[in-house]
Amino acid sequence: MSVAIGVQWPPTTSDHKLVPQQHKLQTLQLATLSATYNIILQLSLIVGTFVANAVILRSVSEDVFAVINVRLLLLYTTIQFLSREPLRRVSISATKSHDWQLLVNLISLSIPLSLVFGTILCLIWYYIVEQPDPQLVADYGVGLVAVLVSVVIELLAEPLYVFGQTLWFIKLKVAADGLF
C-alpha cells in the first residue's frame, strides 16, 4: 500500500467515504480554476479590444468606422449565425444519442455552409445593398471578402468548441472561445 499526503491507497473499508469527497473537491477545484481562467481571458480580451478600438478611432475617420461597425459587422454576424447555430442545435441531439459519426459529419458541414452562405451574402452586400461612397471606402469588396475569410477561420475552431462542450472539456472550450 502506498501513502500519499496522508491518504492510504487503495482505500480501506473504514475510509471509503474519503475518496468520493476528494473527487468532489478536485472537481470543485478544477471548476473554480477553469472559471478563473475564463474570467481572466474574457477580461483581457475586453481590455485588448478596448485598446484596439481606441487606436483605430484615432487613425480612422468616423465614416469609415461606421461602415465597418454597421455593414461589415452585420455581415459577419449574419454569416456566423447562419453557419454555426443550426449545426450546434442539431449536434446537441447527436450527442444525446451518442452518435459520434453523425456529430463529426455535422460539425464538418460548418465550413462549406459558411462558404455558401458567405458567398451569397457577400454578393447581396456588394450588388443589392447600397454601397458606401467609393471615395470613403475604396476597397469595400476586399472588406467583404476579408469578413468571409475571417468567419471561415473562426469556424475552424467549431469542432473544438462542440467536442469541448459535449465532453465537458472546460479548458478546451475556454481556449477555443478565447483564441478564435
Side-chain angles (χ1 to χ4, degrees), residues 26-89 91-92 107-180:
Q26 288 175 349
T27 304
L28 181 63
Q29 288 173 341
L30 179 64
T32 305
L33 184 64
S34 297
T36 305
Y37 286 152
N38 194 6
I39 290 169
I40 291 170
L41 178 67
Q42 293 299 321
L43 284 176
S44 63
L45 289 174
I46 289 170
V47 169
T49 303
F50 178 77
V51 170
N53 281 337
V55 170
I56 289 171
L57 276 174
R58 292 213 154 292
S59 60
V60 174
S61 72
E62 292 176 6
D63 295 331
V64 172
F65 192 68
V67 167
I68 291 169
N69 272 338
V70 174
R71 292 175 184 240
L72 296 182
L73 263 168
L74 179 62
L75 175 66
Y76 178 83
T77 52
T78 305
I79 296 170
Q80 190 180 41
F81 177 76
L82 291 175
S83 303
R84 175 189 287 173
E85 289 305 316
L87 296 177
R88 279 188 181 178
R89 299 291 175 225
S91 66
I92 291 172
I107 294 171
S108 301
L109 283 176
S110 65
I111 294 173
L113 202 59
S114 68
L115 288 171
V116 169
F117 283 132
T119 303
I120 293 169
L121 289 171
C122 282
L123 291 172
I124 290 172
W125 252 252
Y126 193 75
Y127 290 111
I128 297 175
V129 175
E130 182 181 341
Q131 288 191 13
D133 185 20
Q135 292 176 341
L136 182 66
V137 183
D139 296 324
Y140 184 66
V142 174
L144 295 174
V145 173
V147 166
L148 175 60
V149 169
S150 68
V151 170
V152 170
I153 289 172
E154 184 173 342
L155 286 177
L156 289 173
E158 191 65 16
L160 290 174
Y161 181 84
V162 170
F163 279 120
Q165 189 168 358
T166 56
L167 299 175
W168 293 70
F169 294 150
I170 298 171
K171 286 184 181 180
L172 179 64
K173 182 179 175 251
V174 169
D177 276 340
L179 293 177
F180 293 101

[atom1] of [X] to [atom2] of [Y]: how many Å apart, nearest 0.5 Å?
X      : Y      : atom1 : atom2 : answer
Thr78  : Ile124 : OG1   : CD1   : 10.0 Å
Leu121 : Leu82  : CG    : CG    : 6.5 Å
Asn69  : Glu62  : CG    : CD    : 12.0 Å
Leu148 : Leu75  : CG    : CG    : 8.0 Å
Leu73  : Gln80  : CG    : CD    : 10.0 Å

Report the residues that fulfil side chain to side chain contact (heavy atoms under 4.5 Å, CB included) with Ile68, sequence neighbours left out, ordered by chain and then residue number.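 For Ile68 the side chain to side chain contact (heavy atoms under 4.5 Å, CB included) partners, ignoring immediate neighbours, are Val64, Leu72.
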For Leu113, which residues count as a side chain to side chain contact (heavy atoms under 4.5 Å, CB included) partner, sequence neighbours excluded?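 In terms of side chain to side chain contact (heavy atoms under 4.5 Å, CB included), with neighbours along the sequence ignored, Leu113 is linked to Leu87, Phe117.
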Are any non-hydrogen side-chain atoms of Val145 and Cys122 less than 4.5 angstrom apart?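 Of all side-chain heavy-atom pairs linking Cys122 with Val145, none is under 4.5 Å.
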For Tyr126, does its backbone N or O pair with a side-chain atom of Gln131 as donor and acceptor, under 3.5 Å? yes
Distance-only, no hydrogens or angles: does the Thr77 side chain make a donor-acceptor pair with backbone N or O of Leu74 under 3.5 Å? yes
Testing the basics here: between [X] and [Y], what is the closest heavy-atom pair and its distance to 0.1 Å?
X      : Y      : result
Ser108 : Pro112 : O-CD, 3.2 Å
Trp125 : Arg71  : NE1-O, 3.2 Å
Ser114 : Ile79  : O-CG2, 3.9 Å
Val152 : Leu115 : CG2-CD2, 3.6 Å

